[in-house]
Amino acid sequence: LHMEGLMDELNSVNSSFKMIKKYFDKNRYHFLGDHKIEGENDKIIKEIKDIVDFAIPQIDARIKTGYIILKKNQQILF
């Protein structure tokens, strides 16, 4: 159940990525006047997107494997 919840959250981030990027582009200098927010830039946002894109199929495969094991053995998975 935890992995399925994580998968839902990753899919939510993935589907809203364009909206998040648009928000950052629009409001980049809003909070601190003309000073760029330290640590927030397009490279970091792209890295987060790449991590999410990599993680989704990995987690999906583990969820499917868990269901196969549960179906075969009818036991609780830890």
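Hydrogens, waters and symmetry mates are skipped; everything else that's a heavy atom, side chains included, is used. Keep in mind that this is a model prediction, so the values were computed, not measured.
The CG atom of Leu10 sits 10.0 Å away from atom CG of Asp53, with the distance rounded to the nearest 0.5 Å. If you take CD1 on Ile63 and NE2 on His2, they are separated by 10.0 Å, rounding to the nearest 0.5 Å. In this structure, Arg62 CZ and Ile69 CD1 are separated by 11.0 Å, a value rounded to the nearest 0.5 Å.
Taken together through direct or relayed side-chain contacts under 4.5 Å among Ile, Leu, Val, Met, Phe, Trp and Tyr, Val13 and Ile51 form parts of separate hydrophobic clusters.
With sequence neighbours excluded, the residues forming a side chain to side chain donor-acceptor pair (under 3.5 Å) with Asp50 are Lys46, listed by chain and number. Partners of Ser12 under the side chain to side chain contact (heavy atoms under 4.5 Å, CB included) rule, at least two apart in sequence or in another chain, do not exist in this structure. Checked against side chain to side chain donor-acceptor pair (under 3.5 Å), Lys64 has the following partners two or more places apart in sequence or in another chain: Asp60. Contacts of Asn11 classified as side chain to side chain contact (heavy atoms under 4.5 Å, CB included), with partners at least two apart in sequence or in another chain: Met7, Ile56.
When all heavy atoms of Asn14 and Lys49 are compared, the closest pair comes out as OD1-NZ, 2.5 Å.
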